[in-house]
Visitor: 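Below are the structure tokens for one structure; questions will follow.
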Amino acid sequence: MGRRTSSLDANRLQAIGRPLLAWYSRAKRDLPWRRSRDPYAVWVSEIMLQQTQVERVRDSFVRFMAAFPDVHTLANATEDEVLRLWEGLGYYRRARQLHAAAKQIVVRHAGLFPRSVDGLLELPGIGRYTAGAIASIAMNISAPILEANSRRVLARLAAHAAPPDAGGADAALWTLAAAIVPRRHPGRFNQALMDLGAMVCTPRQPRCTACPLAACCAAHQQGREAEIPGRPRRRATESIRESAIVARIGDRVLVLRRGPGEWWEGLWDFPRLSAVGRGLSPAIERSPLLGPLRCGPPQRLGSLTHSVTHHRIAVAVVGCEAVRRGRRAAGLAWVPLAKIGRLAMTSPGRRIAKLAAEWLPE
DNA sequence: AAGTCGGGGTG
DNA sequence: CACCCAGACTT
């Protein structure tokens, strides 16, 4: 056998389960979605948790489940309602796909979840990780998972130094994950791996002295836990400057819904233009987006920045008194500022609305 | 294989 | 500022 530290040998493999599950039973996190093993609840939580930290999901999960307690309720909801309850979580395609999948489950599967990894994979928004998570946690199917936490744990156990974006790096770790997931309690085992990664085997300064797997961790034995796994290459962030327009008539302001192919598809936002400063006024008048809109001199209300993946956007917020409404169009609405809370808005849109509220007394 | 998609908390 | 996160999907 020529295997060395690049993968776990059979002895180390067998050594994982017992100490890991013992650690989990006493150290596991108390999370709202762990109160239920209903596939629907597990599914909703897993979609929310994609690329989103646990602490940011807690409250949204509780609110969402209260509004849509089962797959039929979700399937019958409007996309606006679903998006509004997704507000602030980001990656809104997840919400649209969740909604589409709920309809699919109701129409094609009589409201019952497919009870296999392959069946789950056919639903929009469910990939290899999420299918394995739902299958193992909600259905007691011995399916592997690989995500940010368990990837780090397994990479260190096996001293697998390649960064996640390296070619073939994940394939080896998926193989490892499949080799170690037990037939008994696969869901607990997988969640234990994730909790260990989140609480002990952290990206920086892992707490190896508290780790139940330290004795069989190749990275720890080599003293390389700080450098494993390697960091992926980061793209440079690109800076963007634009203006957001709060066009006002009386107590109403102009908002628009983001369309297909745009960021925040389906969500409402204030109109924005790439022009800033002196060029803004003519840009407003020319903008096919806005009408054209006739309005008085733009007035600076404030500024804010936000980030979308590798873009950093500086927004100058400008208010103006519109003379008349301009064209009517789907996805364009004059909304009383007091009622803007009912719309599913982008996060910067919410902040812009706040500036607008300060501008407009009551 | 590389890009895209949010947002906020942390150091 | 950079880094991080219970990934999926398109090109």
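Throughout, a chain's letter reflects where its sequence line sits, starting with A, and its residues are numbered from 1.
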Visitor: Are A/E87 and A/Y92 close enough that a side-chain donor and a side-chain acceptor fall under 3.5 Å?
Guide: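 Distance-only check fails for A/E87 and A/Y92.
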
Visitor: Could you check whether A/W86 gets within reach of a base, just the sugar-phosphate, or nothing at all, counting any heavy atom under 4.0 Å?
Guide: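 Touches nothing.
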
Visitor: Taking for each residue the nucleotide of DNA chain B bearing the nearest heavy atom, is the 5' side occupied by A/E265 or by A/D165?
Guide: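 Residue closer to the 5' terminus by nearest nucleotide: A/D165.
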
Visitor: Could you work out which one of C/dG7, C/dC5, C/dA6 sits closest to the side chain of A/V54?
Guide: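 Comparing C/dG7, C/dC5, C/dA6 against the side chain of A/V54, the answer is C/dA6.
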
Visitor: List the steps and the verdict of side-chain hydrogen bond (donor to acceptor under 3.5 Å, both in side chains) for A/H99 and A/E79.
Guide: CA-CA 7 Å; A/H99 192 208; A/E79 185 169 298; 4.6 Å; no

Visitor: Checking all strands, does A/P164 fall into the base, sugar-phosphate, or nothing category for heavy-atom contacts under 4.0 angstrom?
Guide: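 Answer is nothing: A/P164 stays at 4.0 Å or more from every strand.
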
Visitor: Treating A/T202 as the side-chain partner and A/A198 as the backbone partner, does any N or O pair qualify as donor plus acceptor under 3.5 Å?
Guide: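 The answer is no, because no donor-acceptor pair under 3.5 Å joins these two groups.
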
Visitor: Rounding to a whole Å, what distance do you find between A/Y129:OH and C/dA8:C1'?
Guide: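 That distance rounds to 13 Å.
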
Visitor: Pick out the pairs of N or O atoms, protein on one side and nucleotides 9-11 of chain C on the other, that lie under 3.5 Å.
Guide:
unit_1 : atom_1 : unit_2 : atom_2 : d
C/dC9  : OP1    : A/G125 : N      : 2.4

Visitor: Here's a test of your reading of the structure: between A/R94 and A/P203, which maps to the more 5' nucleotide of DNA chain C?
Guide: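 Final value for this comparison: A/P203.
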
Visitor: When you compare the protein's N or O atoms with those of nucleotides 1-3 of chain C, which come within less than 3.5 Å of each other, and at what distance?
Guide:
unit_1 : atom_1 : unit_2 : atom_2 : d
C/dC1  : OP2    : A/R312 : NE     : 3.1

Visitor: Mind checking A/G197 for me? I need base, sugar-phosphate or nothing, with any heavy atom below 4.0 Å counting as a touch.
Guide: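 Result for A/G197 = nothing.
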
Visitor: Can you tell me if A/Y92 touches the phosphate of B/dG7, counting only side-chain N or O atoms and a distance under 4.0 Å to OP1 or OP2?
Guide: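 For B/dG7, OP1 or OP2 has a side-chain N or O of A/Y92 closer than 4.0 Å.
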
Visitor: Could you tell me the separation between the CZ atom of A/R152 and the C1' atom of C/dC5, rounded to a whole number of Å?
Guide: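 Whole-Å distance recorded here is 9 Å.
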
Visitor: Starting at atom CE of A/M48, determine the distance to atom C1' of C/dA6, rounded to an integer number of angstrom.
Guide: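 Interatomic distance, CE of A/M48 to C1' of C/dA6: 13 Å.
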
Visitor: Measure centre to centre between the rings of A/W264 and A/H306, then say whether the value is under 6.0 Å.
Guide: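 Under 6.0 Å, so yes.
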
Visitor: Taking atom C1' in both B/dG3 and C/dA6, compute the distance separating them and give it to the nearest angstrom.
Guide: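 Comparing C1' positions in B/dG3 and C/dA6 gives a spacing of 22 Å.
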
Visitor: Can you tell me if the side-chain N/O atoms of A/H310 get under 4.0 Å from OP1 or OP2 in B/dG3?
Guide: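 A/H310 to B/dG3 OP1/OP2: no side-chain N or O under 4.0 Å.
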
Visitor: What is the distance from CD1 of A/I240 to P of B/dT4, rounded to the nearest Å?
Guide: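 Computing the A/I240:CD1 to B/dT4:P distance gives 11 Å.
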
Visitor: For the side chain of A/Y91, counting heavy atoms from C-beta on, which of B/dC5, C/dA6, B/dG3 is nearest?
Guide: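 Nearest to the side chain of A/Y91 among the choices is B/dC5.
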
Visitor: Considering just the side-chain nitrogens and oxygens of A/Q50, establish if one lies under 4.0 Å of OP1 or OP2 belonging to C/dG7.
Guide: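 Answer no for this pair, as no side-chain N or O of A/Q50 is under 4.0 Å from OP1 or OP2.
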
Visitor: Near A/R350 CZ, under 6.0 Å, is it more than 12 heavy atoms from other residues, nucleotides or ligands?
Guide: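 Atom CZ in A/R350 is packed in, count exceeds 12.
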
Visitor: Examine distances only and state if a side-chain atom of A/R248 and a backbone atom of A/E321 form a donor-acceptor pair shorter than 3.5 Å.
Guide: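 Absent.
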
Visitor: Touch check for A/A148, heavy atoms < 4.0 angstrom, all strands: base, sugar-phosphate only, or nothing?
Guide: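 Here A/A148 touches the backbone only, sparing every base.
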
Visitor: Categorize A/H306 for me: base, sugar-phosphate, or nothing, with a 4.0 angstrom heavy-atom threshold over every strand shown.
Guide: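 Touches nothing.
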
Visitor: Taking CD1 from A/I134 and P from C/dA8, how many angstroms apart are they, rounded to a whole number?
Guide: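 Answer to the nearest Å: 10 Å.
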
Visitor: If you draw the axis of the six-membered ring of A/W263, does the NZ or CZ of A/R258 fall within 45° of it and under 6.0 Å from the ring centre?
Guide: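 Checked: cation-pi criterion not met.
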
Visitor: Whole angstrom is fine here: how far is it from CD in A/E147 over to C1' in C/dA6?
Guide: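 Rounding to the nearest Å, CD of A/E147 and C1' of C/dA6 are 4 Å apart.
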
Visitor: OP1 or OP2 of C/dA6 versus the side-chain N and O atoms of A/W33: is any pair under 4.0 Å?
Guide: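 Looking at the OP1 and OP2 atoms of C/dA6, neither is under 4.0 Å from any side-chain N or O of A/W33.
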
Visitor: If you look at every strand shown and take non-hydrogen atoms under 4.0 Å, does A/S150 touch a base, only sugar-phosphate, or nothing?
Guide: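 Nothing, no heavy atom under 4.0 Å.
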
Visitor: What residues, two or more places apart in sequence or in another chain, satisfy side chain to side chain donor-acceptor pair (under 3.5 Å) together with A/R94?
Guide: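 Side chain to side chain donor-acceptor pair (under 3.5 Å) list for A/R94, sorted by chain: A/T52.
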
Visitor: Looking only at N and O atoms, is any donor in the side chain of A/Q51 or the base of B/dG6 less than 3.5 Å from an acceptor on the other one?
Guide: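 Answer no: no donor N or O sits under 3.5 Å from an acceptor.
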
Visitor: Just how far, in rounded Å, is P of B/dG6 from CD of A/E55?
Guide: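 These atoms are roughly 23 Å apart.
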
Visitor: Ignoring backbone atoms, establish whether A/T52 has a side-chain N or O less than 4.0 Å from OP1 or OP2 of C/dA6.
Guide: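 For A/T52, the contact criterion (side-chain N or O under 4.0 Å from OP1 or OP2 of C/dA6) is not met.
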
